[in-house]
Amino acid sequence: MYKIRTCPFHAIRGASLLLFLWLTIGLAHGQTAEPWLTWDEFAEEFLGRGDEDISDDTYEMLEELASNPLNINTASREQLLDLPFLSEAIADSILSYRERVGGFASKGELMFVSGTDYAIRRYLSLFIKVEPLQLEPVGLKEKLLSGRTEIEGRIDVPFYRREGDRNFNPGEKLHDNNRVFLGQPVGGILRYRYRWRRNLRYGLTLQHDRGEPFAARGNIPFDYTSAYFWSRSNDERTDIIFGDYRLSWGQGLVMGHRFMNSFGTILDAPRRTGSIFAPHTSGEENNFMRGGAILWRVGSWRLAGFASYRTLDARIDGDTVRSLLTTGLHRTDVEIQRKDAVGMFVAGAHAELGGRGWDIGMGTFFGHYSKPVSPEPRKYSKYYFRGDNLAAFSLHWNIRRSRHWAFAGEAAADAKLHLAVTNTIYFRPHQELTLTLQHRNISPRFVAPFGATFQEASRVSNEHGIMLGVRYVGLRRLALRAYADAFYFPKPTYYCNKSSRGLELLAEGTYEPSSRVSLLFRYKMKTRQRNVTGRNIIDYTYRHRWRMQGGWKSEKLDIYATLDATLAGRQTDADKWGRLVALRCTWRPAPTWQAKAFAALFYTDAYDAAVYAYEPRLLHSFGTSAFYYHGMRLVALGECKITPALTLSASAGWTKYFNVSTTGQGADMISTSSRPSLSVQLRYVNH
């Protein structure tokens, strides 16, 4: 007999005392100084609002921007708007101030830019630099060879084995085997990046996942190869891209933006509605185009055309695609058979016209699969795309009235005229306060495989929702953010065979009483209806997450203490708790080297109650980890500049489980409670 209970809300006791003592020590040593921000602080604070929602691609793209700060004296409006926390109004204010005074002399001048509050200036300090204008003409040879060059190599070595890291048993066949990895349990990546000012970029990425064959089974020698070439004319009227690239426009209904899948990012800045065409620079093996694109700027017009052809991993049944795969893993014979199983051609165009305080645009694409797509019939897949041809069209708009309010939206239709619409209103009655209202109504039959908007579902389809958010930056060095999002799925989903609804809440506060001390509190709750196994009923599942963090930093030492707790459950089941206490330190004894350390103890009742923490990792390595079961995690990282251009880094990690000795399943099962690993990275940058 099932007993239905209401969703409980619990508090974490004892956390406040620990952080209070920590901050008291920090305040006693605090000094007044110019604020500064490290990548670790930004990643934990900004990206940590949706730990489980942030993709490797998003993380790496932001890390790439932080590693190559924009020269604020030459940055274009488009480049500034690549920063997810920067609104169009503030980007315009920066450009207006730069034109008025002839350029920035220091980052401190951001205080004089209208609309920039302390929180925005703090984030900007990580992504910009101040250098004088360089207007002298240069030749093609200098453009191609005299810019900034980055070469990076990394190897990842686990000192434990998965079930698939074994030899074939006697009589075991290779063909159709999904239990044995065909490569060594070592991963790695090679990157080459070149950029000349803001006019030229090209690069190459070679990536090898653990267990994938090296220089075998079609890999020459790596499993994943990505390259790009991007050029902008001297008059900045034309952009050309060849190779791998990403694109988006509007609010993401048809072509989505990587920051448009987390409501946390919408609180800091109204998202732009114009088009974005940029190189694909990360190691993410999905969600990009491969081909070419061109963008023209003619007066107030921006006109673009693009084409792409790439092969996709898929599970094939005869000559029919049953599902498209996005893991990027090709380790077993079965996984390799599914590699590049179907081709996809995409072509389209986009145009937009903008004036002072407004812009409007439209875009369209046509796509063709080399094999028909037909997912297996399920209740949740009834309205999934079926066929080999698809198309979509959208109209988007953005109206801005000074810095006080903006209205942005997009309406889209697919090839069968199934509709989707989203609108966002931003109101800023005072420089310290911003209110956001977002509404979306997306048909269950709407097909947009490249879409990514502000949504709760995993794809742009089958959703009605409304979100209200608020951001307050009033008292000195205090920032408050909160939102409530109510959503409704009118048709069955993967988790629920009926129409269902849910609610997500977030409240966050960050405060820096001095330049050395910081405090963060975050609460996030999500509840939604799901099937009850074995019964033809649905109930509410829920997950509450709390985080409290105190930090103290000096010129040579940073220390952060974190308490994280999760309460997960459902109306027909018992509550499950997850708890974590973590300490993260960075020590910079000399300009040529630094060391980082991370230690965490975690205790969770089940996988659903996982806790999250940001841990330091090597450059271009995803940094937020999920912890479950009972155990501890230790990380030590060292970085040394051998020469001004050459840096050697190494990271050692160790996870120890106390209550389980086996995790995972199938070929990924690990039958040991201890998980040591080592990563080594060598990086060359000619400054």
Say whether, by atom type as modelled, one donor and one acceptor occur between the side chain of Asp414 and the main chain of Lys416 under 3.5 angstrom. yes
Lys NZ or Arg CZ of Arg310 over Phe288 ring: under 6.0 Å, within 45°: yes
Quick one: which of Asp668, Asn178, Asp223 gives a side chain to side chain donor-acceptor pair (under 3.5 Å) with Arg331? Asp668
With the side chain counted from C-beta on, respond yes when Arg162 and Arg166 share a heavy-atom pair under 4.5 Å apart, and no when they do not. no
For the pair Trp249 and Phe306, name the ring-plane relationship: parallel under 30°, tilted 30 to 60°, perpendicular over 60°. tilted
Using 0.5 Å steps for rounding, measure from the CG atom of Leu682 to the CG atom of Leu190. 10.5 Å
Can you list the steps and then say if Tyr194 with Tyr202 is a ring-ring contact (aromatic ring centres under 6.0 Å, His included)? CA-CA 5 Å; Tyr194 176 86; Tyr202 54 85; 4.6 Å; yes
Any salt bridge between Arg528 and Glu504, counting N to O under 4.0 Å? no
Ring centres under 6.0 Å, that's the criterion: do Phe450 and Phe365 meet it? yes
Please check if the number of heavy atoms outside Lys491 that lie under 6.0 Å from its NZ is greater than 12. no
Does the Ser374 side chain pair with the main chain of Arg386, one donor and one acceptor, at a distance under 3.5 Å? no
Flag side-chain contact, heavy atom, 4.5 Å: Lys382 against Pro377: no
Would you check if Leu619 and Ser621 make a side-chain contact, meaning some heavy-atom pair closer than 4.5 Å? no
Under the 3.5 angstrom rule, does the side chain of Gln529 hit a backbone N or O of Arg501 as a donor-acceptor pair? yes
Please walk me through it: do Asp333 and Val180 pass side-chain contact (heavy atoms from CB on, under 4.5 Å)? CA-CA 8 Å; Asp333 184 69; Val180 180; over 6 Å; no
Go through Leu324 and Val342 one step at a time and tell me if the side-chain contact (heavy atoms from CB on, under 4.5 Å) criterion holds. CA-CA 9 Å; Leu324 298 173; Val342 60; 3.9 Å; yes
Knowing that exactly one of Arg683, Arg193, Arg191 qualifies, which makes a salt bridge (Lys or Arg N to Asp or Glu O under 4.0 Å) with Glu150? Arg683
Is it true that atom CZ of Phe242 has more than 12 heavy atoms of other residues, nucleotides or ligands lying nearer than 6.0 Å? no
Taking Asn68 for the side chain and Glu64 for the main chain, is one N or O donor matched with an acceptor at less than 3.5 Å? yes
Which label fits Phe42 and Phe85: parallel for a plane angle under 30°, tilted from 30 to 60°, or perpendicular past 60°? perpendicular
Please confirm whether the backbone N or O of Gln251 pairs with a side-chain atom of Glu410, one donor and one acceptor, at under 3.5 Å? yes
Walk me through whether Glu63 and His620 qualify under side chain to side chain donor-acceptor pair (under 3.5 Å). CA-CA 7 Å; Glu63 194 174 44; His620 301 136; 4.7 Å; no
For the backbone of His439 and the side chain of Thr422, can you confirm whether one donor and one acceptor N or O come within less than 3.5 Å of each other? yes
Could you check whether Phe214 and His208 have their ring centres less than 6.0 Å apart? yes
May I ask you to test the Tyr160-Ile670 pair for a side-chain heavy-atom distance under 4.5 Å? yes
Between Ala613 and Phe627, the two heavy atoms sitting closest are CB-CE1, 3.9 Å
Is it true that, when you exclude Glu376 itself, more than 12 heavy atoms of the residues, nucleotides or ligands shown sit nearer than 6.0 Å to its CD? yes
Go through Gln665 and Glu163 one step at a time and tell me if the side chain to side chain donor-acceptor pair (under 3.5 Å) criterion holds. CA-CA 8 Å; Gln665 58 184 353; Glu163 181 65 22; over 6 Å; no
Answer yes or no: is there an ion pair linking Asp239 with Arg297, defined by an N-O contact shorter than 4.0 Å? yes
Has the side chain of Arg543 got a donor or acceptor atom that lies under 3.5 Å from a matching backbone atom of Asp608? yes
Ring centroid separation Phe487 to Phe489 under 6.0 Å: yes
Step through it carefully: locate the ring centre of Phe446, locate the ring centre of His418, and say whether they are under 6.0 Å apart. no
So, the side chain of His330 versus the backbone of Val334: is there a donor-acceptor pair under 3.5 Å, distance only? no
Looking only at the aromatic ring of each residue, does the gap between the centers of Tyr607 and Tyr628 stay below 6.0 angstrom? yes
What one should report as the nearest heavy-atom pair of Phe159 and Ser677 is CD1-CA, 4.0 Å
For atom CG of Leu174, decide whether the heavy atoms of other residues, nucleotides or ligands shown that lie under 6.0 angstrom number more than 12. yes
Would you confirm whether Asn169, through its side chain, and Glu172, through its main-chain N or O, come within 3.5 Å as a donor-acceptor pair? no
I'd like to know whether Ser226 forms a side chain to side chain donor-acceptor pair (under 3.5 Å) with Asp244, so could you lay out the CA-CA distance, the side-chain angles of the two residues, the decisive distance to 0.1 Å, and finally the verdict. CA-CA 7 Å; Ser226 175; Asp244 295 344; 2.5 Å; yes
Could you walk me through whether Ser625 and Arg617 pass side chain to side chain donor-acceptor pair (under 3.5 Å), step by step? CA-CA 11 Å; Ser625 300; Arg617 297 197 184 186; 2.6 Å; yes
Would you say Phe168 has more than 12 foreign heavy atoms packed within less than 6.0 Å of its CZ? yes
Can Asp317 and Arg315 be counted as an ion pair, charged N to O under 4.0 angstrom? no
Side chains of Met669 and Ser671, heavy atoms from C-beta outward: is any pair under 4.5 Å? yes
Who pairs with Arg459 by salt bridge (charged side-chain N to carboxylate O under 4.0 Å, His left out), at least two apart in sequence or on another chain? none
Is there side-chain contact between Asn462 and Pro490, with heavy atoms separated by less than 4.5 Å? yes
Salt bridge (charged side-chain N to carboxylate O under 4.0 Å, His left out) partners of Arg675, counting only residues at least two apart: none
Could Glu212 and Arg210 be called an ion pair, given the rule that one side-chain N must be under 4.0 Å from one carboxylate O? no
Would you say Met289 and Leu247 make side-chain contact, with heavy atoms under 4.5 Å? yes
Look only at the side chain of Ser679 and the backbone of Asp156, and say whether a donor-acceptor pair between them is shorter than 3.5 Å. no
Minimum heavy-atom distance Trp230-Pro279, with the two atoms named: CB-CG, 3.6 Å
Greater than 12 external heavy atoms within 6.0 Å of Tyr309's OH: yes
